[in-house]
Amino acid sequence: MTGDGRLERLNGMLRRRGFLLPAFEIHGGAKGLYDFGPVGGRMRSRVNQRWLDHWLQLGNVVELSCPTVTPYGVLEASGHVGEFSDFMTECTTCGEASRADTLLEGHHANPDALKRDELQALLTAVNPTCPSCNDRAWTTITAQNLMFNTTIGAGDSGRAGFLRPETAQGMFTSFNALHRHFRERLPFGAMQVGKGYRNEIAPRQGMIRLREFNMAELEYFIDPEAELTDDLTPWDGRPMHLLSDMEEPAVMTLFEACKKELIRHPTVARFMGITHDFLVDVGIDPARIRFRQHEQDEMAHYAMDCWDAEIQGSYGWVECVGIAHRGCYDLESHEKATGKTLRARREFDEPRTTVIDGWTINGSTVGPTFKGLAGQVKTAVEALPKDTSFPCKITLGNDEVVEIGQEHVKPNQQTIKETGEWYIPHVIEPAFGIDRIIWHVIDHAYHETEKNGEHYTLMRLASCIAPVDYAVFPLFEKDGMGDLAWNLHQQLCGKPGIVSMYDASGSIGRRYARADEIGTPQCLTVDHQTLEDGTVTVRNRDTGEQVRIHPDTLLA
RNA sequence: GCGAGCGUAGUGUAGUGGUUAUCACCGGGCGUUGCCAACGCCUGAACCCGGGUUCGAGUCCCGGCGCUCGCACCA
């Protein structure tokens, strides 16, 4: 943290110049909600686009856009309803609210995992003392959900739902469409930039903890048994700062980290490299990036391994990207909840033949004899060795013992040929907090210097994400310079992807200063010479150097 | 959610119950100026919201909202 007021001055500038502003401020504001203003809005969309372009380079990923309004069942299946709720109870004597599971620690191995009814029953049975006033008078527990509740549809026909806490689930539920799109060939990925919502109990620290935030996620589906071909050589020359859960902080290449099994999957390592490239590309200082591995107990409910990219800024080290190996958790969960198949097929090198030579049931006798148990009898009989002699007693799956006679069984001999198998793909997920990244881009780009003995601030933003590409100034708005400058400005704005800003107010120095403050890489000034030969001066933000060019070279 | 502190123009601020709320930067207009926050004149803009105490509240009290910090929480 900087104690010299830099953060305050930076925040003031961001508000003044229209990067970031508290949302709905004239109504008193709303915690954890921010506007990207007239300058920040453009920057946000450029970072989003840059992110998409960056991952599209993989060549086997597509972009999706799924709804933010999500039915209850989807997030119940994904585990969010369970994991994202805290059950609260209030002491009727002193009014102190407590988490029910916290009160019951020591009375159950893992109270956090209990369902609402179970937790209520345990609370009633134990009736713990209030940590605040030592009384024992608790209200009925209520679910305090970190997801925003909503109702899809009106009145009694309305269906419970939530605003999504991550973009991922829509991509999992679309798996079959993706699988078809990619001609049923893995690996492939789906990605999405969009809003996510978490009803944080206490949003803090500006852009770091938001209730509505911009996220960008890629779900990359892989065959867990396929040979791994991830190439880590592009990062051989760039050792990364790694904090693993095993060892002391280390600086080593991704290749080395994989070899030492600090990083447990090479695709995770490759995505760490790609993530690093992205962060540097949009202007994060590489010296202030590190990767930290999650401890086993802090891992999300779905993850097998997880590395956060952390960026150092005014709030210390902040996790801005999570790269998680989610295993088959998500697809399997949605399969279980829906009964639908979310699988890919893996062909065997050689067809596999299985020879079955044993017993099966004679349906016409087992059915009438065992009635409802017939299914379990079938399973048990088919597990019997071929040399079994009947009658014999067998134990069913429910521990019941039944006697099977010769009349209940018949020989089962068949050869089954399988050319492949269906499996649940595994998922590697890089998940980016775009707001946090934008915050750190700004934080790292913001420079306070002195110019002619006065304070001077400028943003050294990467030109690929700068909110304004060119600022166009007439030296004076007279002798036709104003018209020429305005024309140039309009022509520049006509170029796809280019934003120009026209500014004719104040002295030329003041206009340069304004452009520098929002990180405009180049300023074009129309002056008297422009009237003669059409050239303009181009002034570089970081060096202040000026060269004369003909604007056609920019408009080509 | 608990506790403490805070909330005045776009930004940063002054203001300890009493005229028309201070100052600077800032924004806009005009003039001047031949390229780095120049100058002159003019001008714009605020007491977070609601209630109370008081003859009178930016100032004191209560509640709400927001901000900061600590605790708690946190993929």
Side-chain angles (χ1 to χ4, degrees), chain A residues 1 5 7-18 21-33 37 78-80 83-84 86 88 90 94-99 102 131-132 144 146-147 165-166 168 196 198-206 208-211 215 217 294 297-303 306 308 318-319 321-324 326 429 431 433 450-458 471 473-479 481 503-517 523-531 536-541 543-546 548:
Chain A
M1 274 236 198
L7 183 56
E8 287 69 23
R9 289 191 299 277
L10 172 55
N11 276 322
M13 189 278 284
L14 294 175
R15 293 178 62 153
R16 185 160 36 79
R17 299 308 309 276
L21 310 119
F24 311 118
E25 208 184 8
I26 63 167
H27 282 276
K31 230 176 186 177
L33 301 176
S78 69
H80 287 87
E83 293 294 324
F84 254 55
D86 291 331
M88 305 298 291
E90 206 168 297
C94 70
E96 175 89 359
S98 300
R99 280 177 57 169
T102 308
S132 175
Q144 195 84 23
L146 289 174
M147 295 189 289
E166 60 174 22
R198 294 178 195 180
N199 203 357
E200 295 284 353
I201 294 167
R204 289 278 171 85
Q205 299 178 311
I208 306 299
R209 292 271 293 284
L210 297 170
R211 287 195 164 123
M215 52 199 324
E217 296 183 305
H294 280 206
D297 59 359
E298 79 172 293
M299 209 100 77
H301 58 279
Y302 49 71
C306 187
D308 282 343
V318 174
E319 51 182 280
V321 184
I323 300 163
R326 296 172 76 126
E429 178 202 73
E450 278 206 359
K451 193 165 181 175
N452 303 329
E454 291 195 58
H455 292 292
Y456 197 86
T457 65
L458 77 162
F473 310 143
L475 193 53
F476 303 105
E477 255 182 336
K478 64 179 187 185
D479 302 336
M481 287 185 279
D503 191 352
S505 96
S507 71
I508 193 75
R510 175 175 298 272
R511 286 178 263 165
Y512 284 139
R514 279 196 286 239
D516 286 345
E517 200 173 32
C523 297
L524 309 178
T525 302
V526 169
D527 56 21
H528 294 88
Q529 194 179 330
T530 313
L531 299 172
V536 298
T537 62
V538 180
R539 178 260 197 188
N540 179 286
R541 176 192 68 205
T543 63
E545 284 172 12
Q546 292 187 15
R548 286 204 84 83

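Computed from a predicted structure; not experimentally measured. A note on names: the letters A, B, ... follow the listed sequences, proteins ahead of strands, and every chain is numbered from 1.
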- State, yes or no, whether a side-chain contact exists between A/L475 and A/R511 at a heavy-atom distance under 4.5 Å. no
- Task: Verify salt bridge (Lys or Arg N to Asp or Glu O under 4.0 Å) between A/E217 and A/R326, making sure each step is shown before the conclusion.
- Result: CA-CA 13 Å; A/E217 296 183 305; A/R326 296 172 76 126; 5.1 Å; no
- Note on the structure: Any strand, both distances under 3.5 Å, Watson-Crick or G-U wobble: B/A21 pairs with none
Strictly under 3.5 Å: I want the nitrogen or oxygen pairs between protein and nucleotides 25-28 of chain B, one per line.
residue	atom	partner	partner atom	Å
B/C26	OP1	A/R510	NH1	2.4
B/C26	OP1	A/R510	NH2	3.0
B/G27	OP1	A/R514	NH1	2.5
B/G27	OP2	A/R510	NH1	3.2
B/G28	OP1	A/S505	OG	3.3
B/G28	OP2	A/S505	OG	3.1

- A/I26 or A/Y456, whichever maps to the more 5' nucleotide of RNA chain B: A/Y456
- Within this structure, what is the CD-to-C1' distance between A/E25 and B/A45, rounded to whole angstrom? 15 Å
- Within the distance-only criterion (no hydrogens, no angle test), does the side chain of A/R15 pair as donor or acceptor with the backbone N or O of A/P22 below 3.5 angstrom? no
- Both distances under 3.5 Å, Watson-Crick or G-U wobble: report the partner of B/C60, or none. B/G52
- Length of the CG-C1' vector between A/N199 and B/C74, whole Å: 13 Å
- Message: I'd like to know if A/K31 reaches the base of B/C65 with its side chain such that a donor and an acceptor end up less than 3.5 angstrom apart.
- Response: no
- For A/E454, does its backbone N or O pair with a side-chain atom of A/N452 as donor and acceptor, under 3.5 Å? no
- Of A/R510, A/R539, A/R17, the residue whose pairing with A/D516 passes salt bridge (Lys or Arg N to Asp or Glu O under 4.0 Å): A/R539
- Base partner of B/C39, which must satisfy Watson-Crick or wobble distances under 3.5 Å: B/G31
- Query: Under 4.0 Å between a Lys/Arg side-chain N and an Asp/Glu carboxylate O for A/D527 and A/R548?
  - Reply: yes
- Item | 5′-ward residue of the pair A/H27/A/N11 relative to RNA chain B | A/N11
- Any strand is fair game: report the nucleotide pairing with B/C26 by Watson-Crick or G-U wobble, both distances under 3.5 Å, or none. B/G44
- Note on the structure: When both distances are under 3.5 Å in a Watson-Crick or G-U wobble arrangement, the nucleotide paired with B/C6 is B/G66
